[in-house]
Number of protein chains: 2
Amino acid sequence: MEMFNPPHPGETLKELYMKDYNLTIAKLALMLGISRKHLSNIVNCKVPISTEIALKLAKCFNTTPEIWLREQLAYDLWHARQTVNLDDVKVAF
Amino acid sequence: MEMFNPPHPGETLKELYMKDYNLTIAKLALMLGISRKHLSNIVNCKVPISTEIALKLAKCFNTTPEIWLREQLAYDLWHARQTVNLDDVKVAF
DNA sequence: CAACATTGTAACCTATTTGGTTACATATTT
DNA sequence: AAATATGTAACCAAATAGGTTACAATGTTG
């Protein structure tokens, strides 16, 4: 159970990939075939990376789609822990 | 990249957990605090396990939520690969 | 067999999410 | 100053997650 707020994969995309390849949001959006607005929302951590977009990133940057989705999963899970109430869930033993 | 259709986590839930603990769909739904219909859809592989439900399963069966979500991820990814068209995605190098 | 428990599913509903377009104002570079 | 790049608002559409209620079809068991 992670103690600290894991990074949003959009941050990784921006800092580790777009920076290295000198890609603007507008250029990369075109390359991926998604809207500039949506990519902007991704790199600003406003929306999650979907399975479909993970596949596109994977092809574009020659990664696995899993690295994007596992980072998204960690991010989502951390935030869900802060909000989901489990008090009424019964334990099975 | 997995060659074969990975199992839906609902199958695991049914075969490995509900069977062991002798839980019916109706009983477990109550314990988790979700509707019987929704749990039925999960164990019949009709709908995915959400982050929230993974947290509930984790508390109920004393697992990590990750085991449910990673299995879901593998399932989703495999199916997305069969449908998402990546032909128009440009490679960044 | 009769009674009961369990299940799948249909019909319906609501809120949220994913993604798009267009337009405009603000940065940031050159 | 001109050109480029960005954030974001106002829209919109399709899909998703999850709920309720009701009913028919199973299984199970006294």
Side-chain angles (χ1 to χ4, degrees), chain A residues 8-11 13-15 17-60 65 68-69 71-73 75-77 79-80 82-86 88-89 92, chain B residues 8-11 13-15 17-58 60 65 68-69 71-73 75-77 79-80 82-86 88-90 92:
Chain A
H8 188 286
E11 215 180 306
L13 176 57
K14 184 179 182 177
E15 301 303 327
Y17 288 83
M18 294 176 61
K19 198 160 279 184
D20 273 20
Y21 288 99
N22 241 41
L23 289 171
T24 67
I25 292 183
K27 269 194 279 181
L28 179 56
L30 247 178
M31 294 168 63
L32 296 172
I34 68 178
S35 71
R36 180 175 70 79
K37 175 204 140 193
H38 193 57
L39 184 55
S40 169
N41 281 331
I42 288 174
V43 305
N44 289 306
C45 312
K46 302 264 180 65
V47 304
I49 289 187
S50 67
T51 306
E52 179 163 353
I53 289 183
L55 283 169
K56 292 184 172 189
L57 287 170
K59 173 170 178 189
C60 186
W68 304 104
L69 294 174
E71 193 172 345
Q72 184 65 55
L73 192 159
Y75 181 89
D76 289 343
L77 202 43
H79 286 85
Q82 320 299 311
T83 55
V84 176
N85 185 289
L86 301 176
D88 294 342
V89 174
Chain B
H8 188 286
E11 215 180 305
L13 176 57
K14 185 179 182 177
E15 300 303 327
Y17 289 83
M18 294 177 62
K19 198 159 279 183
D20 274 19
Y21 288 98
N22 241 39
L23 288 171
T24 66
I25 293 183
K27 269 195 277 180
L28 179 55
L30 247 178
M31 295 168 62
L32 296 172
I34 69 178
S35 72
R36 181 175 70 79
K37 175 206 140 193
H38 193 57
L39 183 55
S40 169
N41 281 330
I42 288 174
V43 305
N44 289 307
C45 311
K46 302 265 180 65
V47 304
I49 289 188
S50 67
T51 306
E52 179 162 353
I53 289 184
L55 283 169
K56 293 184 171 190
L57 287 171
C60 186
W68 304 105
L69 293 174
E71 193 172 347
Q72 185 64 54
L73 192 158
Y75 181 90
D76 289 343
L77 203 44
H79 286 85
Q82 320 299 310
T83 55
V84 176
N85 185 289
L86 300 176
D88 294 342
V89 174
K90 306 264 188 311

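Owing to the predicted nature of the structure, the values given are computational and were not obtained by experimental measurement. Numbered from 1 within each chain, the chains take letters A, B, ... in sequence-line order.
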Sugar-phosphate, base or nothing in reach of B/Ile49, heavy atoms under 4.0 Å: nothing

Interatomic distance, B/Lys19 NZ vs C/dT6 C1' [rounded to whole Å]: 15 Å

Touch class at under 4.0 angstrom, heavy-atom based, for B/Asn41 against every strand present: nothing

Backbone N/O of B/Ile49 and side chain of B/Gln72: donor-acceptor pair under 3.5 Å: yes

B/His8 vs B/Glu71, side-chain contact (heavy atoms from CB on, under 4.5 Å): CA-CA, chis, key distance, verdict: CA-CA 7 Å; B/His8 188 286; B/Glu71 193 172 347; over 6 Å; no

B/Lys90 vs A/Lys59, side-chain contact (heavy atoms from CB on, under 4.5 Å): CA-CA, chis, key distance, verdict: CA-CA 8 Å; B/Lys90 306 264 188 311; A/Lys59 173 170 178 189; over 6 Å; no

DNA chain D: 5'-most and 3'-most nucleotides touching chain B, 4.0 angstrom heavy-atom criterion: D/dA17 to D/dA22

Under 4.0 angstrom between B/Ser40 side-chain N/O and C/dG8 OP1 or OP2: yes

Phosphate contact (C/dA5 OP1 or OP2) by B/Thr24 side-chain N/O below 4.0 Å: no

Any N/O donor-acceptor pair, B/Lys37 side-chain to C/dG8 base, under 3.5 Å: no

Selected nucleotide, minimal atom distance to B/Ile25 side chain, candidates C/dT18, C/dT6, C/dG8: C/dG8

Nucleotide C/dT17, atom P - distance to CG of A/Asp76 in whole Å: 11 Å

Touch class at under 4.0 angstrom, heavy-atom based, for B/Lys46 against every strand present: sugar-phosphate

A/Met18/A/Ile25 under side-chain contact (heavy atoms from CB on, under 4.5 Å): CA gap, chis, key distance, verdict: CA-CA 8 Å; A/Met18 294 176 61; A/Ile25 292 183; 3.8 Å; yes

Euclidean distance, atom CD1 of residue A/Ile34 to atom C1' of C/dT21 [Å, nearest integer]: 14 Å

Any A/Tyr75 side-chain heavy atom under 4.5 Å of A/His79 side chain: yes

Under-3.5 Å donor-acceptor pair between A/Arg36 side chain and C/dG20 base: no

Nearest-angstrom distance from the residue atom CD1 of B/Ile42 to P of C/dT9: 15 Å

Parallel, tilted or perpendicular: ring planes of A/Tyr21 versus A/Tyr17, cut at 30 and 60 degrees: parallel

Candidates B/Leu13, B/Ile42, B/Leu39 - the one meeting side-chain contact (heavy atoms from CB on, under 4.5 Å) with B/Ile53: B/Ile42

